[in-house]
Protein chains: 2
Amino acid sequence: MASLKDVAKEAGVALGTVSRVLNKSENVSPKTRKKVEKVIKKLGYQRNRVARRLRAKEGKTHMMGLLIPDIQNPFYVEVVRGVEEYALANDYAVLMCNFAQEEAREKLYLNIMRSEGIDGLIVAPVHQWDKGVIDLVHSGLPIVCVDRGLSGIEADVVVVSNSQGTFEAIELLVQLGHERIGFIAGKPQIPTSMERLRGYEAALRRYDIAKDESLIKFGDSKHESGKELSKELLSLEKPPTALFTGNNLITLGALETIHKRGLNIPDDIAIVGFDDMYWSISLNPPLTAVSQPGYEIGRRATEMLLQRIADPRREYAKVELRTKLVVRQSCGSHQGSTG
Amino acid sequence: MASLKDVAKEAGVALGTVSRVLNKSENVSPKTRKKVEKVIKKLGYQRNRVARRLRAKEGKTHMMGLLIPDIQNPFYVEVVRGVEEYALANDYAVLMCNFAQEEAREKLYLNIMRSEGIDGLIVAPVHQWDKGVIDLVHSGLPIVCVDRGLSGIEADVVVVSNSQGTFEAIELLVQLGHERIGFIAGKPQIPTSMERLRGYEAALRRYDIAKDESLIKFGDSKHESGKELSKELLSLEKPPTALFTGNNLITLGALETIHKRGLNIPDDIAIVGFDDMYWSISLNPPLTAVSQPGYEIGRRATEMLLQRIADPRREYAKVELRTKLVVRQSCGSHQGSTG
DNA sequence: ATGAAAGCGCTAACAG
DNA sequence: CTGTTAGCGCTTTCAT
């Protein structure tokens with residue numbers, strides 16, 4: 001692989017001059033620039049990003065980190081796509097790691113990121129007191145949180161209207177005549193779980209429906225947990241007539257249980273889930289869901305991160321994007337199909 | 001961040017000695033080692049991976065690349081998990097990029113990888129004549145191909161028995177009484193598409209069923225294409241009684257079409273898909289599918305890559321893993337449910 | 001067993 | 001405008 005030195009020698013200029021051409025410095029004569037660019041092309045020279053990273057001051061390494069909780073969750077896949085797209089367009093490489101909802105692994109990756117010399121990081125913290133992330137914020141590394149914020153910490157964050165989104169979903173179910181609505185939540189430590197629960201409670205209050213604690217179950221945001229907890233709900237003496245599932249994996253687990261029991265959706269049990277997938281319409285019946293703009297979350301977060309890298313002193317911001325209720329057939333007689 | 005120099009000064013030894021301790025060199029007295037280790041802990045020292053990478057000889061940068069065609073495809077997500085797991089266990093960071101089936105983007109990422117100084121790369125080439133990847137192989141970088149091989153190139157590769165897997169699926173459909181079996185394939189340039197087609201043809205031959213070209217459609221391995229091509233098949237004058245879909249995204253697209261037309265699965269149309277998802281059972285009806293061991297593919301590929309990095313001259317190998325037919329309800333009266 | 005020193009490829013400060 | 005030079009933090013000789 002050709003190096004700066006090779007290019008300089010071949011072009012008959014100093015090494016620094018080549019660097020200037022590469023970095024689009026003003027102080028290069030058009031003639032020299034042309035000569036150097038020709039040699040660069042001729043030798044197929046490519047900048048060594050590692051050396052560049054080592055030497056460069058903070059904020060110019062052209063590498064950012066992305067730490068996501070669960071790559072098996074299609075929602076995060078959308079976020080990843082948004083991040084990747086925007087990063088690529090701005091000449092940033094993304095070091096992407098999946099900590100699979102394990103705090104220990106998150107810590108490990110946080111260390112790797114730090115020692116890879118990234119310019120900044122986009123992360124969905126394990127919970128709002130995530131020490132690893134908080135330490136990193138304090139260390140001065142530019143960080144944008146997605147999906148979940150940190151408690152009492154100044155940092156940029158991109159979230160969605162979890163509470164409002166859930167409210168709308170429950171409202172729809174109520175309007176369709178449901179009064180016993182089961183709610184399967186994710187881990188209570190994850191802020192989004194609690195926000196969604198608040199939306200549920202608010203909707204019940206709004207329509208004067210008494211809250212029945214036995215209809216609310218907490219799990220761990222995974223398929224298995226959706227499967228088990230829906231079983232528990234359906235086995236109640238007075239089972240719910242409708243189910244709200246707290247994320248997409250829980251939804252899929254619940255569907256498995258419902259189908260296994262031979263129940264009809266929506267006649268025996270209606271279901272609305274948080275998180276829409278582009279293939280939700282391929283489910284039978286097509287799923288009514290609260291759609292999060294995952295791609296947009298990723299894009300916006302990256303935009304904010306690059307802005308903060310460029311100007312570390314700018315005001316911290318919290319961006320809240322709106323969810324959208326996509327009504328299909330799993331919740332009952334509304335014929336609408338928005339998606 | 002503390003550096004090697006800081007540690008050396010604090011411990012009162014030379015910089016090189018600290019490096020030796022870090023690299024578990026034999027030539028350090030137990031006493032010195034202990035002293036240094038204590039300081040390392042005290043200062044919370046962490047190796048700077050960038051500097052290490054810049055200085056290190058090839059094969060010791062502790063960073064590998066992973067280039068996948070489509071992160072929205074759950075199959076590749078499984079592969080990613082397998083790679084990540086094995087890499088992490090061996091102190092390798094993974095630079096993971098998704099080229100979204102676009103050759104231009106693949107090329108771009110290939111360049112980034114090269115200039116990030118990775119030790120090796122796992123990649124699913126865009127097609128078997130993928131120039132970018134072939135050039136990289138020739139440059140001497142250790143490379144393992146997954147899912148698809150390269151034509152006429154010496155390189156390690158991990159694939160599955162695409163032809164045999166499809167054969168078994170078609171065989172099942174035939175045994176269930178189907179003779180008009182539609183086949184929706186992915187891009188013909190992708191080797192797996194053609195192998196799966198060969199399995200289809202072999203099964204027809206084996207059971208003396210004439211091949212009807214109008215039942216075979218080529219698309220681009222995506223959801224949209226599954227949707228459209230299944231529409232075409234179902235609109236034929238003599239439509240198929242069963243559908244074989246060439247990958248998971250195509251399957252989901254086909255399901256959408258089938259449900260939209262109000263057809264009953266499997267009575268009106270049976271369906272078997274290539275690729276199983278852990279939530280295939282949550283579909284209604286649960287999907288009969290050819291399951292690829294994605295996680296295992298990723299794990300094995302990484303194992304092979306690290307072996308090649310350690311010994312670049314070892315024999316090249318092609319590992320073919322077996323698929324498994326998971327029979328559920330989408331194909332008809334078999335009551336079996338293996339998944 | 002340890003110290004000293006070269007240098008990986010690059011950026012940026014300094015000198016002309 | 002361009003050349004020269006000092007490191008970034010580390011690994012790896014070469015001495016001792």
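Not measured: the values here are computed from a predicted model. The chains referred to below are lettered A, B, ... by the order of the sequence lines, with proteins before strands, and numbering in each begins at 1.
Distance from the side chain of A/R20 is smallest to D/dT4 among D/dT12, D/dT4, D/dC10. Distance from the side chain of A/S19 is smallest for C/dT11 among the nucleotides D/dT2, D/dT11, C/dT11.
Using a 4.0 Å heavy-atom criterion, one finds that A/V13 contacts the sugar-phosphate atoms exclusively. When heavy atoms are screened at a 4.0 angstrom cut-off, A/N27 is found touching base atoms of the nucleic acid.
In this structure, A/L43 places its CG atom 15 Å from C1' of C/dG9, rounding to the nearest Å. The distance from atom CG of A/L54 to atom C1' of C/dT11 is 10 Å, rounded to the nearest whole Å. The CD atom of A/E116 sits 14 Å away from the C1' atom of D/dC10 (whole-angstrom rounding). Going from atom CD of B/Q46 over to atom P of D/dC10 covers 11 Å, rounded to whole Å. The distance from atom CG of A/L15 to atom P of D/dA6 is 14 Å, rounded to the nearest whole Å. Straight-line distance from the CG atom of A/L22 to the P atom of D/dT2: 15 Å, rounded to whole Å. Distance, B/D6 CG to D/dG9 P: 8 Å, rounded to whole Å. When rounded to the nearest whole Å, the span between CZ of A/R52 and C1' of C/dA12 equals 13 Å.
The residue among B/L4 and A/A14 whose nearest nucleotide of DNA chain D lies closer to the 5′ end is A/A14. Both B/S29 and A/G16 lie close to DNA chain C; mapped to their nearest nucleotides by heavy-atom distance, the more 5′-ward contact belongs to B/S29.
A cation-pi arrangement is present between A/R308 and A/Y316, with the terminal nitrogen or guanidinium carbon under 6.0 Å from the aromatic centre and inside a 45° cone about the axis.
Under 4.0 Å is where a charged nitrogen must lie from a carboxylate oxygen, and between B/K38 and B/E10 no such pair does. Ion pairing between B/K34 and B/E37 fails under the 4.0 Å rule for side-chain N and carboxylate O. With salt bridges taken as basic N to acidic carboxylate O contacts below 4.0 Å, one links B/E78 and B/R81.
Judged by distance alone with a 3.5 Å cut-off, a donor-acceptor contact links the side chain of A/R55 to the base of D/dG7.
Between A/T32 and the phosphate of D/dC1, there is no side-chain N or O to OP1/OP2 separation shorter than 4.0 Å. Contact between the side-chain N/O atoms of B/N23 and the OP1/OP2 oxygens of D/dT11 is found at a separation under 4.0 Å. In this structure, A/T17 reaches the D/dG3 phosphate: one of its side-chain N or O atoms is under 4.0 Å from OP1 or OP2. Side-chain nitrogen and oxygen atoms of A/R49 include none within less than 4.0 Å of the OP1 or OP2 phosphate oxygen of C/dG9.
Within a 6.0 Å sphere centred on NZ of A/K107, heavy atoms belonging to other residues, nucleotides or ligands number 12 at most.
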